[in-house]
Amino acid sequence: MRDYRQLTQEEIQVLEQNVCWAEDWTKVMVHPEFRPYNFHRVMFYGDIRLGRFEKKIEVAKGFFKHSGINDATLRNVTVGNDCLIEKVGNFINNYTIGDDCYISNISTLETLEGASYGAGSTISVLNEMGDGNVTLFRELNSQLAAFMVKHYNDKALMNQLKQLIDDEVRLSTPERGIIGNRVKIINTKDITNTVIKGDCEISGCARLNECTILSSEDASVFIGTGVICENSIICDGCSINNSVKMQDCFVGEACQITNGFTAEASLFFANSYMANGEACAAFCGPFSASHHKSSLLIGGQFSFYNAGSNTNFSNHAYKMGPLHYGTLERGTKTASGSYVLMPATIGAFSVCFGKLMHHPDTRCLPFSYLIAYGETMYLSPGRNITTVGLYRDIKKWPKRDKRSKQSKKSIINFDWLSPFTVGEIMQGIKILEALRSASGDNVTTYNFHEYVINASSLRKGLKYYDIALRIYMGAVLKRAQKEGFFGMPKSEVGKGPWADLSGLLIPESEEQRLVDDIKNGSVENIQQVLERFENVNNHYSDYRWAWSYQLILDYYHLTELDEKACERIREDYVRARRAWIAEIRKDAEKEFQMGDVDQEVYDDFLEKLDHEIDYEN
């Protein structure tokens, strides 16, 4: 709380000489060091609190103006130190404004009774006509959102979660709108019932209504020209620009939404990029991207995904070319008119296209290609494990995390081989071996649901899956030895199936334990739910070892790990990595021979592959 005093008669006289007026001068309280000389044509209504105005404000590069208030009407407003407020066409009503702010050429800045600031409403994602399944609030992250969507049919759980979130919203909702320190708002029309945290810039925005903008000094937010945003929450490091229209949305850290993109009842989490297209009831997990006007993300759940234009699920067949927002899941219409759909898995994420979505069994054939020739669908299991595209993706995603260290609410595990994905690989191996056992080796094709798997593709799939298994086991063993928990796992947690909560790799047993604890009242507030996700992530290495230890014993037919076994696993790991790199090199050579890649790019890529031996030890 700041100390304020009443205006002196001399100060009131100066203000009135500068064409300022107050409904009641006794309700205008000021900082002890207040000076009245930088106020012109200002009208004060209700309770007013004014700081000191001593500094100059940089309004454009190299252009400074003295702080103060000019040409404005204020009602029930607190203004911090060294702000410059001018050219307010209508009024500022019921707001608390921080220090060092610049507000110029706006129409209305107002808080009305019953403001929620975009928090507490429940939207429906994945099913645009369904009941709400995700409640918006400031601390929402991709894990909690995925958890709510996944367990939507558990009404007891959802009712308890909703109560915990409502309690959080009630405790965190301010009595009136707040503008943080060092906020810049210029050339903007209407801002109503909106909390704007510090270091945010709003320039040319059309309307903000019932919103919260969680900007910060190391992760500022920019809201630009023509933006209309209603009942939404925007997190640290975001940029919303160029006539974006958004309603009932949550935008996570370091997202960019631009160029006329339209979104309704959708979620966008860490590092997503959206331009030109449209989203409705979409769950866009970390690193989702959409570039094209004809792209409509509706009723789907995406992560590490690039939505292309119409039937084309990629901008172009990027591989070794310049970095851009590429995707692991690429689909390209070929010259013959067939479609090539290439679902794959990276880290904790997998997305399937087309008919793959019709059969849950196909998710057990990860890293696969699906190619359609007319009515026949050909499946190539594991093919994407050995492509340049996957290799590039493994390297690039961690580098593209633009979030600041202080604004990483959503958890992202970048492991491309993990208990979650390797569990899928093991199911894929069982399926392929069962197909081969049932039909024998002397056939040209195998049938899997309505898909056709060529015999050569099946053999290669088993080979690629085995390469991935040996890489995973060797890498996990190496990490376990370095981290000091080599040997029998200390805990049973992690031994069973794993799940992916939009970035968080979690043993299903831990997820179910959280469900039970929420339902029985053991979890007292929503922060404890978020802390449970963090705790699981912090113990990921332990849980991974518990799962991997039994895998290693089973694969190598061991009863325990001794030095001889470890050496064998390490040798297999090195051979598998070299076989993997050799296959990627073949894929690069094939692309280069097609004439799609410059010699310099090709040589640079091969040099990177040559250095892969540096990571063997």
Side-chain angles (χ1 to χ4, degrees), residues 271 273 287 289 291-292 304-309 312-336 338-347 349 366-371 378 380-402 414-417 456-457 460-461 463-468 470-471 475 573-617:
N271 301 289
Y273 178 90
F287 294 99
H291 296 256
H292 302 280
F304 287 80
Y305 171 78
N306 186 7
S309 175
N312 171 21
F313 285 93
S314 177
N315 301 10
H316 50 81
Y318 90 97
K319 284 193 176 181
M320 285 180 285
L323 281 172
H324 70 290
Y325 266 92
T327 178
L328 297 179
E329 303 79 24
R330 302 190 302 275
T332 305
K333 189 172 183 180
T334 65
S336 63
S338 64
Y339 288 92
V340 181
L341 299 178
M342 297 172 264
T345 307
I346 180 75
F349 309 97
F367 301 99
S368 298
Y369 282 6
L370 181 64
I371 305 173
Y378 289 91
S380 298
R383 175 65 184 90
N384 204 45
I385 289 174
T386 57
T387 62
V388 171
L390 179 72
Y391 179 83
R392 285 287 306 280
D393 289 328
I394 293 168
K395 301 292 185 181
K396 79 182 179 185
W397 292 120
K399 296 177 181 178
R400 291 189 174 179
D401 192 346
K402 302 302 182 184
F414 291 101
D415 280 1
W416 76 283
L417 291 175
S456 60
S457 295
K460 288 179 180 178
K463 173 186 173 183
Y464 298 150
Y465 285 154
D466 188 64
I467 286 174
R470 287 185 286 144
I471 291 174
Y573 163 73
V574 171
R575 282 194 293 267
R577 283 191 99 259
R578 292 181 180 181
W580 179 54
I581 295 302
E583 293 290 340
I584 293 172
R585 184 182 293 271
K586 289 180 185 177
D587 194 48
E589 291 170 353
K590 185 186 302 182
E591 184 184 357
F592 178 68
Q593 290 169 3
M594 293 170 61
D596 295 336
V597 180
D598 294 336
Q599 182 74 49
E600 183 180 352
V601 174
Y602 175 62
D603 292 340
D604 180 65
F605 185 79
L606 293 185
E607 184 179 357
K608 291 178 181 177
L609 292 182
D610 291 338
H611 282 286
E612 281 295 321
I613 60 173
D614 299 339
Y615 304 106
E616 291 178 356
N617 297 313

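Note: hydrogens, waters and symmetry copies are ignored here, and every other heavy atom, side chains too, is used. None of the values given here were measured: they were computed from a predicted structure.
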By side chain to side chain contact (heavy atoms under 4.5 Å, CB included), Glu600 pairs with (sequence neighbours left out) none
What are the two closest heavy atoms between Ala307 and His292, and how far apart are they?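 Shortest heavy-atom contact: O-CD2, 3.9 Å.
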Side-chain donor/acceptor of [X] to backbone N/O of [Y], under 3.5 Å:
X      : Y      : value
Asp401 : Asn271 : no
Tyr465 : Pro366 : yes
Ser368 : Gly382 : yes

Please check if the distance between the ring centroids of Tyr391 and Phe605 is under 6.0 Å.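 Tyr391 vs Phe605: aromatic centres under 6.0 Å.
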Do Val388 and Lys590 have side-chain heavy atoms sitting under 4.5 Å apart?
no
Problem set entry | Within-4.5 Å side-chain heavy-atom neighbours: Ile581 and Lys608 | no
**Request:** Let me know which of Tyr305, Phe414, Phe304 forms a ring-ring contact (aromatic ring centres under 6.0 Å, His included) with Trp397.
**Result:**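 So the option named by the test is Phe304.
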Measuring from atom [atom1] of [X] to atom [atom2] of [Y], what distance do you get when rounded to the nearest 0.5 angstrom?
X      : Y      : atom1 : atom2 : value
Arg577 : Ile471 : CZ    : CD1   : 6.5 Å
Ile467 : Lys460 : CD1   : NZ    : 12.0 Å
Leu606 : Ile584 : CG    : CD1   : 11.5 Å

Salt bridge Lys463-Glu583, side-chain N to carboxylate O under 4.0 Å
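Yes, Lys463 and Glu583 are salt-bridged.
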The side chain to side chain donor-acceptor pair (under 3.5 Å) partners of Lys395 (sequence neighbours excluded) come to Glu612
Parallel, tilted or perpendicular: which one describes the rings of Trp416 and Trp580, with boundaries at 30° and 60°?
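Taking Trp580 first and then Trp416, their aromatic rings lie parallel (interplane angle under 30°).
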Review point. Any idea how Phe592 and Tyr602 line up, ring-wise: parallel (<30°), tilted (30 to 60°), or perpendicular (>60°)?
Key: parallel
TODO: Could you walk me through whether Glu591 and Thr387 pass the side chain to side chain contact (heavy atoms under 4.5 Å, CB included) test, one step at a time?
DONE: CA-CA 10 Å; Glu591 184 184 357; Thr387 62; over 6 Å; no
